[in-house]
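Residue numbers start from 1 in every chain, and the chains themselves are labelled A, B, ... in the order their sequence lines are given, proteins ahead of strands.
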Amino acid sequence: MFEARLLQGGLLKKVLDSIKDIITEGNFDCSPNGLSLQAMDSSHVSLIDILLESEGFEHYRCDRNIPMGLNITNLVKMIKCAGSEDIVTIKCEDKPDNVTFLFESKDNDKISDFEMKTMTIDDEHLLVPDQTYTAVVKMPSAEFQRLCRDMAAIGDTVNISVTKEGVRFSTTGDMGTANITVRPNPSGDQKEEERTEVQITEPVSAGFALRYLNSFTKATPLSPTVTLGMVPNLPIVVEYKIADMGHVRYYLAPKIED
Amino acid sequence: PMQQRSIEFFFRGG
């Protein structure tokens, strides 16, 4: 059986908010290491990879690997019924037809349980190579969100080019062009999460669909910083770390000159 | 024009 108790139930809401616009169903894999999800969007252009490590839960028991296929839209509806301060317990049997969500209010004066039907999802599991990134950019997540929103107001595709001087985001649309350069500022007085840091072994540049990048920024409430990893001619990774718990990562295939 | 590749093109099944 599987049973996991999470003290910060609000975290589950944030995780679901970060994926609900991209996927409609997914297999949550329960394993002794934690709860994970890998799923592609319907156009198979991007890949979501979530990990919630077992150590991040107050109580975690998983005897064997259990795939828990869930409709994300319905899951959002159920998790919305939890208060943001509630403690959430997720429970299911080894071959589950249903999964149970138990919500306990912080003061222990209200207990709710919801049972949701599982579904069989037959999706291909992709193999993400263990990559050394040519360029890694760490920046405030709110700034990245703003930047993607601004770029999407002008064009559909953004060219991201990273040099040791900084990261240049460029787009072109019917009304004109836009360029935003973010420079590394590691020596200032900023707190760590306010800094922009760039690590590169060689300059890298590629084009990406802004519609997807904008969807990824729905994960902004999960982390004060976001990390972009790039390798020439390979998908970009956009990573939001979840403190003491794991991550939400998005991989997006580049646009390639025909 | 720029062509959008699929993610499977890069990450073959595991």
A:Asp41 CG to B:Ser6 OG distance, which is reported to the nearest 0.5 Å: 10.0 Å

Nearest-0.5 Å distance, CZ of residue B:Phe11 to CG of residue A:Asp49: 9.5 Å

Neighbour count above 12 (heavy atom, 6.0 Å) for A:Glu165 CD: yes

Residues, nucleotides or ligands: over 12 heavy atoms within 6.0 Å of A:Asp17 CG: yes

Sub-4.5 Å side-chain heavy-atom contact between B:Met2 and A:Glu257: yes

Closest heavy-atom pair and its distance - B:Arg5, A:Ala253: O-CB, 3.3 Å

Closest non-hydrogen atom pair between A:Ser46 and B:Ile7, with its separation: O-CG2, 4.0 Å

Top of A:Val45, A:Val128, A:Leu234, A:Thr157 for chain B proximity - count of heavy-atom pairs under 4.5 angstrom: A:Val45

Sidechain-backbone polar pair: A:Glu124 side chain, B:Arg12 backbone, donor-acceptor under 3.5 Å: no

Interface moiety of A:Asn233 toward chain B, non-hydrogen atoms closer than 4.5 Å: backbone

